[in-house]
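If you're wondering where the values come from, they're calculated on a predicted model, not measured in any experiment. Each ligand, and each atom within it, is numbered from 1 in the order the structure gives. The figures that follow rest on heavy atoms only: side chains count, while hydrogens, waters and symmetry mates do not.
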Amino acid sequence: MEKTFDKIVAHAKKTGFVFQGSEIYGGLSNTWDFGPYGVLLKDNIKRAWQKKFIQEDPNNVEIQAAILMNPKVWEASGHLKGFSDPLMDCKNCKTRHRADHLIEEFSHGEESGEGWTNEQMETYIKENNIACPDCGSHDFTPIRQFNLMFKTFMGTLEDSKSTVYLRPETAQGMFVDFKNVQRAYRKKVPFGIGQIGKSFRNEITPGNFIFRTREFEQMEMEFFCKPGEDDEWFTYWRQFCMDWILKLGGNKENLRFRDHTQEELSFYSKATTDIEYKFPWGWGELWGIANRTDYDLTQHQNTSGKDMTYQDPNTNEKYIPYVVEPAVGVERLFFMFFTDAYDEETLENGETRVIMHFNPILAPVKAAILPLNKDYNDLAEEIRKDFSQYFETVKDLSGSIGKRYRRQDEVGTPFCITIDEQSIIDQTYTIRDRDTMQQERLTLEEIKKKIIEAIKF
Ligand code: ATP
């Protein structure tokens with residue numbers, strides 16, 4: 001069974017995980033709304049991150065910084081000057097393209113274009129006679145750098161003094177609040193500050209469904225450590241991220257580390273590794289882990305004039321900490337887990353049924369209560385009410401039991417509980433496992449315990 005891009009997207013839309021944004025107005029290009037199941041899946045991904053990166057780690061804490069930040073932040077971070085992509089227009093059909101993406105697609109991922117100068121990219125495109133993907137002509141403008149930050153105005157005046165930017169990453173919030181958090185919570189280096197929140201980038205070529213959008217959610221952590229200990233922490237977090245994905249059921253065969261070459265590295269980065277996933281169109285970045293050195297804190301110290309050094313309480317040594325940053329997009333993880341979970345089965349009547357094999361931890365709904373006849377409706381409602389205090393539970397009364405099972409399989413509900421005649425006599429219920437389709441009879445307490453155990457992370 002081939003998991004094509006079209007199949008995955010069609011299933012996400014059909015089952016109401018994702019809708020086109022502003023659909024009744026013809027949509028707004030590359031914006032997506034997450035339906036109830038989509039929100040549940042996203043929330044489960046975020047909770048799983050929060051649990052392992054923050055809650056269970058004694059060193060790490062979480063913040064929520066404002067999306068709108070003083071523009072000086074973006075001056076210090078280098079985003080105002082340098083956060084741009086190489087843009088080329090096709091003179092023939094007027095479409096816009098990222099030069100590095102043209103190169104990447106042409107070379108089937110052998111060349112990334114990252115770290116190249118504009119001249120290098122222009123030469124490569126000319127020498128290889130790369131065509132416009134939309135019209136096939138070979139008539140591009142020279143490269144212009146296009147800043148990816150969304151601009152807006154704060155207050156009633158629309159002038160340069162009131163210009164503010166929607167944050168293109170959550171990371172700067174952690175750098176700006178480094179001292180506040182360190183002092184108020186008496187944190188000792190090494191420690192991490194994490195954040196989950198929206199980021200905005202005016203991408204030149206968004207696309208591939210929710211893989212690249214202009215509005216997305218990030219989960220980032222800045223881990224502050226002593227210079228000299230950074231390499232070790234980089235190795236630690238790189239593996240930690242991969243293990244996190246695997247524990248949640250990510251398929252090992254579709255995942256790999258890709259270390260950035262010296263040429264590709266940002267000028268401030270000592271090392272960067274991407275965890276890549278084999279998306280339906282090929283390998284793509286899922287998670288970036290970077291050793292950002294002391295670049296950001298130094299920049300903020302220089303621009304704000306505020307001291308960003310840390311004094312070791314034992315040795316009195318003063319230094320600006322180094323930072324290791326694992327940064328991931330919630331929607332990319334969503335796409336990955338959704339693709340990995342997708343499976344088809346051909347039924348005896350020749351129909352195809354889709355089963356989503358989500359790990360129970362991530363499954364939007366954990367249990368469906370299916371009474372075999374309407375007389376058991378009140379009892380079903382009682383059970384739903386009780387179970388939903390502990391985990392997401394639905395009740396489904398309509399259609400044959402086979403249809404109802406199928407409906408739950410399509411959205412990846414790991415457990416279906418049926419109420420039948422025997423339930424009334426001996427208070428046992430049938431619990432069916434989505435993946436093995438095996439059924440057993442248990443009491444409600446046993447069922448609850450089994451489900452709680454299956455969603456423990
Ligand atoms: P890319 O090379 O794909 O543009 P990037 O290297 O610029 O990504 P980072 O700045 O490292 O990305 O951002 C960290 C993470 O945020 C990425 O690994 C990805 O998961 C997510 N991300 C970045 N840009 C987008 C986007 N436009 N849409 C959805 N997720 C994104």
Checklist entry - Quick one: do E75 and K81 make a salt bridge, cutoff under 4.0 Å? => result no
Next on the checklist: Taking 4.0 angstrom as the limit and counting only heavy atoms of G329, give me the atoms of ligand 1 inside it, by number and element.
Outcome noted: 15 (C), 16 (O), 19 (C), 20 (O), 21 (C)
Next on the checklist: Are the side chains of R434 and Q408 in contact, using a 4.5 Å heavy-atom criterion?
Outcome noted: no
Checklist entry - Hey, do the aromatic rings of Y310 and F224 have their centres closer than 6.0 Å? => result no
Next on the checklist: Tell me whether ligand 1 is touched by R332 - counting only heavy atoms on the residue side and a distance under 4.0 Å.
Outcome noted: yes
Item to check | N/O separation below 3.5 Å, I210 to ligand 1 | outcome: no
Item to check | Close-contact set for ligand 1 against F211 heavy atoms, below 4.0 Å | outcome: 28 (N), 29 (C), 30 (N)
Item to check | salt_bridge(R258, E264) N-O dist < 4.0 Å | outcome: yes
Item to check | Of the listed options E285, M336, H260, closest to atom 2 (O) of ligand 1 (non-hydrogen atoms) | outcome: E285
Item to check | R201 contact mode with ligand 1 (heavy-atom cut-off under 4.0 Å) | outcome: side chain
Next on the checklist: Between D100 and M121, is there a side-chain heavy-atom distance shorter than 4.5 Å?
Outcome noted: yes
Next on the checklist: Would R201 pass as a cation-pi partner of F150, given that its NZ or CZ must be under 6.0 Å from the six-membered ring centre and within 45 degrees of the axis?
Outcome noted: no
Checklist outcome for this item: So the atoms of ligand 1 within less than 4.0 Å of a heavy atom of L286 turn out to be 18 (O), 19 (C), 20 (O)
Next on the checklist: Counting only heavy atoms closer than 4.0 Å, does ligand 1 sit against the backbone of Q218, its side chain, both, or neither?
Outcome noted: side chain
Next on the checklist: For W281 together with F335, are the ring centres under 6.0 Å from each other?
Outcome noted: yes
Checklist entry - Are any of the side-chain heavy atoms of F457 and L248 separated by less than 4.5 Å? => result yes
Item to check | Nearest candidate to atom 28 (N) of ligand 1, where distance is taken over non-hydrogen atoms, out of T213, T205, I289 | outcome: T213
Checklist outcome for this item: Under 4.0 Å from one or more heavy atoms of E203, ligand 1 contributes atoms 24 (N), 26 (C), 27 (N)
Checklist entry - Got the closest protein heavy atom to atom 15 (C) of ligand 1, with its distance? => result A327 O, 3.7 Å
Item to check | atom 22 (N) of ligand 1 - nearest protein heavy atom and its distance | outcome: F216 CE1, 3.6 Å
Next on the checklist: Here's a test for you: under salt bridge (Lys or Arg N to Asp or Glu O under 4.0 Å), which of R353, K7, K3 qualifies with E344?
Outcome noted: K7
Checklist entry - Is ligand 1 under 4.0 Å from a heavy atom in the side chain of R212, in the backbone, in both, or in neither? => result both
Next on the checklist: Please classify the D274 to ligand 1 contact at 4.0 Å (heavy-atom distances, strictly less than): side chain, backbone, both or neither.
Outcome noted: neither
